[in-house]
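Numbers restart at 1 for each chain; the letters A, B, ... are given by sequence-line order, proteins then strands.
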Amino acid sequence: MGIGETMEAPKDICNLLLAWYAENKRDLPWRKNPDPYSTWISEMMLQQTRVETVIPYYYRFLERFPTVSVLANADEEEVLTAWKGLGYYSRARNLHLAAKIVQEKYQCVFPNSYQALRLLPGIGDYSAGAILSIAFNQPFPAVDGNVLRVISRVICLEGDISEAAVKKKIRQIVSDLIPEGRAGEFTQALMELGAILCLPQNPLCADCPIRVYCLADKNGRQDCIPVRRQSRPPANLDYWVAVVRKDNDILMQYREHTGLLGRMWGLPMAVKNPVVKPEKEFADQLGLNLQKVKSLGNTKHVFTHQVWNMEAIELMPEESRNDLPQGFAWIPLGKIDQIPIPKAFQKIFELGNYM
DNA sequence: AACACGTGGGT
DNA sequence: TACCCAAGTGT
């Protein structure tokens, strides 16, 4: 800093960041009118999900559920159907539940305090900070993956960012940085920097507005930071998936309450077993005599912690019976896009050209 | 603290 | 290909 520079670093960082943001921010739909409801919806959708993925869901969702009241009074199944394909379906259930709470407890006026927001299901520390700063311009830090990356690089922090103590430290730093009266812009500027310049791999440091303040860049550590403990490799599972077809109906299963894809509609599955034929396995499971029509081929679906290697088998019931075991139902092909079916099973339908 | 919880895009 | 990891939360 030269003589006559009275600006302190924190303030300078904020000014550079805000000026850069004003020039370079993306034109995102939820930035048009950051009211509490639409900010909340966008934040729930954006959890662990890319902006480009969220955009079409965001438009459709707000069109169908334009207010807290409409959302609160909708059927859960319709909310889940609107969420279909986005993943992490507990977000949709929590969203629906939270809307009911906002309606009952706050007469549909979205709460604007940290304590009240944190009590709503689906709103954790990050989302509370994001909603308070973006929708209410209150000086709360919102520390997401972007901010963790930006700040850990700026201070050249070599500690593991998945540790609570490290997150806490970064939250404090961000909190101290928030400029007076500009919390919303600042939150978004920090995240935007992480999203478009301070990238996980090959950050574009040459274009960074706060490069002069970045200690990782100064030390040549920008490619090593942030440090994150590596996750356990996913388990590999081999399944048969049954497509039992009766005229235009497909036999589907409402999945059990808990666990992966719980309370979503799926297809009957069985762990592959080399000493049993799939038609026999599914016949036992479904209480139907089944005939194998053909194998529809294999497809893979990757979750964070599991990989499903699926062989889809088309089967035909040998007799027409209507008493199915608990949780199973015949669903007309044309109705399938109106019920919540996760991507893993959508892939099976595509494999067999059913849709 | 560590893991479950979806999906997709980038390298 | 395989791996990383994304505007995280709940348990």
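- Scanning both residues, A:Lys347 and A:Lys300, for their nearest heavy atoms gives NZ-O, 3.0 Å.
- For C:dG8, its base never sits under 3.5 Å from the side chain of A:Ser127 at any donor and acceptor pair.
- A:Gly194 comes within 4.0 angstrom of nothing in the nucleic acid, heavy atoms only.
- At B:dC3, one or more side-chain N or O atoms of A:Arg232 fall inside 4.0 Å of OP1 or OP2 (strictly under the cut-off).
- Residue A:Leu28 is in base contact, counting any heavy-atom pair closer than 4.0 Å across all strands shown.
- The separation of C:dA7 from B:dT11, taken at their P atoms, amounts to 14 Å, rounded to a whole angstrom.
- Here the OH atom belonging to A:Tyr126 is positioned 8.0 Å from the OG1 atom belonging to A:Thr187, to the nearest 0.5 angstrom.
- Checking C:dA7, C:dG10, B:dT7 against the side-chain heavy atoms of A:Asp144 singles out C:dA7 as nearest.
- Using P as the reference atom, C:dC4 and B:dC3 are 15 Å apart when rounded to the nearest Å.
- Here C:dG8 is the nucleotide among C:dG8, B:dC5, C:dA7 with the atom lying nearest to any side-chain atom of A:Gln48.
- OP1 or OP2 of C:dC5 has not a single side-chain nitrogen or oxygen of A:Arg149 nearer than 4.0 Å.
- Where A:Arg118 and A:Val51 meet DNA chain C, the nucleotide closest to each residue was compared, and A:Val51 sits on the side nearer the 5' end.
- Comparing C:dT11 with B:dG6, their P atoms sit 14 Å apart, to the nearest whole Å.
- Nearest nucleotide to the A:Asn146 side chain, out of C:dA7, C:dG10, C:dG8: C:dA7.
- When the P atom of B:dA4 is taken as reference, atom CG of A:Leu261 falls 14 Å away, rounded to whole Å.
- When distances run from any side-chain atom of A:Tyr126 to the nucleotides C:dA7, C:dA6, B:dT7, the shortest one goes to C:dA7.
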Between the protein and nucleotides 2-4 of chain C, list every N/O to N/O distance that falls short of 3.5 Å.
none

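- Phosphate proximity of B:dC3 to A:His305: absent, as no side-chain N or O sits under 4.0 Å from OP1 or OP2.
- The side chain of A:Gln306 lies closest to B:dC5, out of B:dC5, C:dA7, C:dA6.
- In this structure, the side chain of A:Asn273 engages the main chain of A:Val275 through a donor-acceptor pair within 3.5 Å.
- In this structure, A:His301 does not reach the B:dG6 phosphate: none of its side-chain N or O atoms is under 4.0 Å from OP1 or OP2.
- For A:Thr53 against B:dG9, a side-chain-to-base donor-acceptor contact under 3.5 Å is absent.
- As judged by a 4.0 angstrom heavy-atom cut-off over every strand, A:Val302 is placed among the base-contacting residues.
- The P atoms of B:dC5 and C:dA2 are separated by 23 Å, rounded to the nearest whole Å.
- Heavy atoms of A:Trp308 sit nowhere under 4.0 angstrom from any nucleic acid atom.
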